[in-house]
Each structure stands twice: as C-alpha cells, then as structure tokens.
Amino acid sequence: MSLDHRLPDELEELRRTVEAFAHDVVAPQIGDYYEQHTFPYDIVRQMGQMGLFGLPFPEEYGGMGGDYLALGVALEELARVDSSVAITLEAGVSLGAMPLYRFGTEEQKREWLPKLCSGEMLGAFGLTEPDGGSDAGATRTTAVRECGGSWVINGTKCFITNSGTDLTGLVTVTAVTGHKPDGSPLISTIMVPSGTPGFTVAAPYSKVGWNASDTRELSFSDVRVPAANLLGEEGRGYAQFLRVLDEGRIAIAAVATGLAQGCVDESVKYAKERHAFGRPIGANQAIQFKLADMEMRAHTARLAWRDAASRLVHGEPFKKEAALAKLYSSEIAVDNAREGTQIHGGYGFMNEYPIARMWRDAKILEIGEGTSEVQRMLIARELGF
Ligand SMILES: Cc1cc2nc3c(=O)[nH]c(=O)nc-3n(C[C@H](O)[C@H](O)[C@H](O)COP(=O)(O)OP(=O)(O)OC[C@H]3O[C@@H](n4cnc5c(N)ncnc54)[C@H](O)[C@@H]3O)c2cc1C
C-alpha cells in the first residue's frame with residue numbers, strides 16, 4: 001500500500017494541456033481584458049472547445065467523464081496565470097451546471113447540460129441577496145405557485161457570477177416557497193432562463209479584482225417560469241446549496257492554490273532579474289526566505305484541496321476537509337500576493353505586472369463561497385461545537 005503523490009497519467013496530461021493554454025493563450029491577452037473590465041469571450045469559447053466546462057460530468061450529458069480532481073487541476077493551472085478566467089470556469093461548472101447535475105430530473109439534465117458542458121452556454125447560481133450572504137436563512141426572494149402551475153418570482157440577488165454575459169442562458173435562484181410549522185422559511189431552487197420577462201440584469205459591478213469576470217445584480221419582478229423549472233424537491237433548496245457550496249469550496253481552493261503558485265512563479269522570475277546594490281535581489285537571503293515560505297504555502301494548499309477532492313471522488317465525507325482547504329488556501333493566497341508584490345517593489349503596484357493583478361484578485365478568495373469566518377464555523381461544528 002502506498003500513498004501516491006503523482007497525478008494519474010490522464011490528469012497529468014490535462015494539467016500540461018491547461019498549463020500550455022494558460023501561458024500561450026490567456027497570459028498574452030488577459031491584461032488588456034482586465035484593464036478594460038471586459039469579459040474574455042474568445043478565451044472562454046476556446047475553454048469550451050477544450051471541454052473544460054464539461055470536465056466533471058458524464059459523457060452522456062456532453063461532459064468529459066472526469067471528476068472534481070480533474071476540475072481542480074484545470075482551475076489551478078488557469079489561476080496560476082489569471083483568476084478571472086479561472087473563476088468563470090469555476091462558477092460555470094460548480095455553481096452553474098453542478099446543481100442541475102446533482103438535483104435535476106433526467107429531462108432537465110438532457111435539456112441543459114450538453115449546452116453548459118460545451119461552454120456554448122454559461123449557467124449561474126443566485127443565492128446571495130442584499131440582506132443575506134453568509135446567512136442564507138435570511139433569503140427574501142419569494143416564489144409563489146400560481147393556480148396555472150407557474151412559479152412567480154420576486155426579489156433581488158447580488159454579486160452573481162456569470163449572470164449577464166452574452167453566453168448566460170440560465171440562473172438557478174434560491175427562493176422562499178413557504179414556511180415550516182415553526183415559521184422558518186422553506187427554501188427551494190428554481191431555474192430561470194435568461195430573457196424571461198421581468199428578469200432584469202444590472203450593469204456589471206465595478207470591482208477591486210476579478211475584473212475580466214462577470215458579476216451582476218439581478219432583479220425579479222413577477223417573473224413567471226413553468227412549475228417544471230423547480231430543481232429537486234420543493235423545500236430542499238437549503239440542503240441543495242449546502243452541498244453545492246461544499247463541493248464548490250474545493251474548486252475555489254484549487255483557484256486559490258493556483259493564484260498562490262502564480263505569485264511564486266512571478267516572484268522567482270523577478271527576483272532573478274531585478275538588480276539592486278549591484279546584484280540580483282534574489283541573492284539576498286531575506287528574499288529567498290520569502291520565496292521559500294511562499295512555495296511552502298502553495299504546496300500545502302495543493303495537498304489540502306487534492307485531499308478534499310479525493311474524498312469527494314471516493315464518496316467519503318469531505319465537508320471538513322473542503323472547509324479546511326478553502327480556508328487555508330484563500331488565506332495563503334492573500335499572504336503570497338502580499339509578499340510577491342513586496343518582492344516586486346514599485347513595479348508590483350503597476351497593473352502591467354501580473355503580480356499586481358494577483359494582489360487585487362486574492363482578497364475575494366477569503367470572501368466568496370463562504371467567508372473565512374464561515375469556514376471556521378463549519379470546521380468548529382465538525383469538531384463538535
Ligand atoms: C466577486 C463576487 C462574486 C460572487 N459570486 C457569487 C455567485 O455567483 N453567487 C452567489 O450566490 N453569491 C456570490 N457572491 C457572494 C458571496 O458568496 C458573498 O459575498 C459571501 O458569501 C459573503 O456574504 P455577504 O457579502 O453578504 O457578507 P455578510 O454575510 O454580510 O458578512 C459580512 C462579514 O461578517 C462576517 N460574519 C457574518 N456572520 C458571522 C458570524 N456568525 N460569525 C462571525 N462572522 C460573521 C462575515 O464572515 C463577513 O466577514 C459573490 C461575491 C463577490 C464579491
């Protein structure tokens with residue numbers, strides 16, 4: 001019996017393919033998209049053609065027949081170069097398509113998954129609201145069943161990734177569809193196709209980072225969708241999104257690991273090139289030690305997300321490990337971005353350097369798909385508190 005540190009051959013091949021794509025296709029152009037705050041359609045289309053949006057889904061639905069390990073490997077390599085592109089894939093798969101795959105009927109899967117897997121369509125997941133992010137029990141959006149059978153949705157969602165691109169075809173939203181005897185809300189998940197009358201998508205937010213990804217506020221005013229757009233059982237929405245977020249945390253941890261590793265890549269290169277006091281700055285032990293610590297953190301984060309993904313793939317409990325991986329990797333991504341920027345000196349503050357983009361992109365990792373505080377709450381709960 002041995003614990004194998006190597007990726008299986010097919011995953012290593014995928015890693016190399018995505019690494020080459022990130023360097024040859026993403027790296028040369030993403031800086032312009034980022035500075036202009038525009039969505040990189042051309043890059044996303046190529047990712048679709050490569051099958052990246054279908055990585056963890058079965059071939060019968062147009063997927064690649066892989067799993068969360070494959071998704072994580074691809075996300076890490078993309079985020080090593082750019083996080084906007086990585087988060088577009090992460091949200092498209094983990095939040096857009098995965099709820100359908102996990103909880104949809106056969107008919108719903110056959111209708112939507114092939115388009116989502118090919119990347120010709122992007123899906124989004126709308127949980128967060130202006131008055132409720134960490135506390136999803138505070139959901140105010142409502143969906144009422146009409147006599148004719150349609151759901152009538154009213155409410156507002158905020159900060160929703162991939163929700164307003166030209167490729168967006170579907171947003172799955174959580175909504176209160178009733179109340180339990182104790183008065184607590186019954187939350188359900190309902191699919192709303194883009195373009196449904198009454199469904200309005202606001203202009204993209206002006207963000208600190210992830211500037212080439214799409215994030216919007218969504219409004220629902222008497223939006224009518226067929227009863228068949230309910231995802232899974234009525235009232236199971238809370239349990240569904242907990243599962244979706246548990247899995248999504250592994251994907252976010254892979255993104256954070258990629259960013260942390262990207263900071264090492266950029267900083268090692270820079271420390272060898274930049275001279276001060278007549279020698280490369282990397283000749284100073286103080287800089288070498290920073291780099292050694294950064295490498296240690298990225299390496300450990302990789303072990304953490306791969307461990308959580310492996311448990312998920314093997315059908316074992318993974319909630320605590322996913323929270324550990326998300327918490328650790330996002331915090332060390334911020335550390336690595338800060339130290340990497342420091343190594344770059346004034347140039348690290350200039351947007352033309354990838355490290356500046358990484359610094360801007362790191363912070364959201366401690367917030368999205370469950371803040372660091374929420375991860376600590378989950379881990380403490382698993383410890384019996
Ligand atoms: C760029 C971006 C993309 C996003 N994409 C999506 C998306 O696609 N879909 C989606 O649904 N959401 C999305 N989100 C929303 C994101 O998941 C939320 O912002 C996040 O979960 C935090 O919720 P909040 O912003 O309401 O913060 P709040 O819940 O208001 O929290 C504010 C602060 O209070 C802390 N806090 C809250 N409760 C406690 C407690 N009990 N103990 C200790 N501390 C506590 C939090 O940790 C945080 O530090 C996105 C956000 C951003 C910025």
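Indexing begins at 1, ligand by ligand and atom by atom, following the structure's order. Throughout, numbering of the chain's residues begins at 1 and tracks the sequence.
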**OP:** Compare all side-chain heavy atoms of Arg249 with those of Leu378 and state whether any distance is below 4.5 angstrom.
**Re:**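 Heavy-atom side-chain distance check passes, below 4.5 Å.
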Original post:
Side chains of Gln240 and Thr174: closer than 4.5 Å at any heavy-atom pair?
Top reply: no
Original post:
Measuring from Arg357:CZ to Tyr34:OH, what's the distance to the nearest 0.5 Å?
Top reply: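 The OH atom of Tyr34 is 7.5 Å from CZ of Arg357, to the nearest 0.5 Å.
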**OP:** Mind telling me whether His344 and Tyr270 have parallel, tilted or perpendicular rings, with 30° and 60° as the class edges?
**Re:** parallel
Does ligand 1 have any N/O atom under 3.5 Å from a protein N/O, and what are those pairs and their distances?
unit_1	atom_1	unit_2	atom_2	d
ligand 1	5 (N)	Phe159	O	2.7
ligand 1	5 (N)	Thr161	OG1	2.8
ligand 1	8 (O)	Thr161	N	3.0
ligand 1	8 (O)	Thr161	OG1	3.3
ligand 1	9 (N)	Phe125	O	2.9
ligand 1	11 (O)	Leu127	N	2.9
ligand 1	11 (O)	Thr128	N	2.9
ligand 1	11 (O)	Thr128	OG1	3.2
ligand 1	12 (N)	Thr128	OG1	2.6
ligand 1	14 (N)	Phe159	O	3.3
ligand 1	17 (O)	Glu369	N	3.4
ligand 1	23 (O)	Ser134	N	3.4
ligand 1	26 (O)	Gly133	N	3.3
ligand 1	29 (O)	Ser134	N	2.9
ligand 1	29 (O)	Ser134	OG	2.6
ligand 1	47 (O)	Thr371	OG1	2.6
ligand 1	47 (O)	Glu373	OE1	2.7
ligand 1	49 (O)	Glu373	OE1	3.4

Subject >> Sequence-distant partners of Arg236, salt bridge (Lys or Arg N to Asp or Glu O under 4.0 Å), two or more places apart >> reply: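 Listed in chain order: nothing, the list is empty.
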Original post:
Can you tell which of Arg338, Arg376, Lys363 makes a salt bridge (Lys or Arg N to Asp or Glu O under 4.0 Å) with Glu331?
Top reply: Arg376
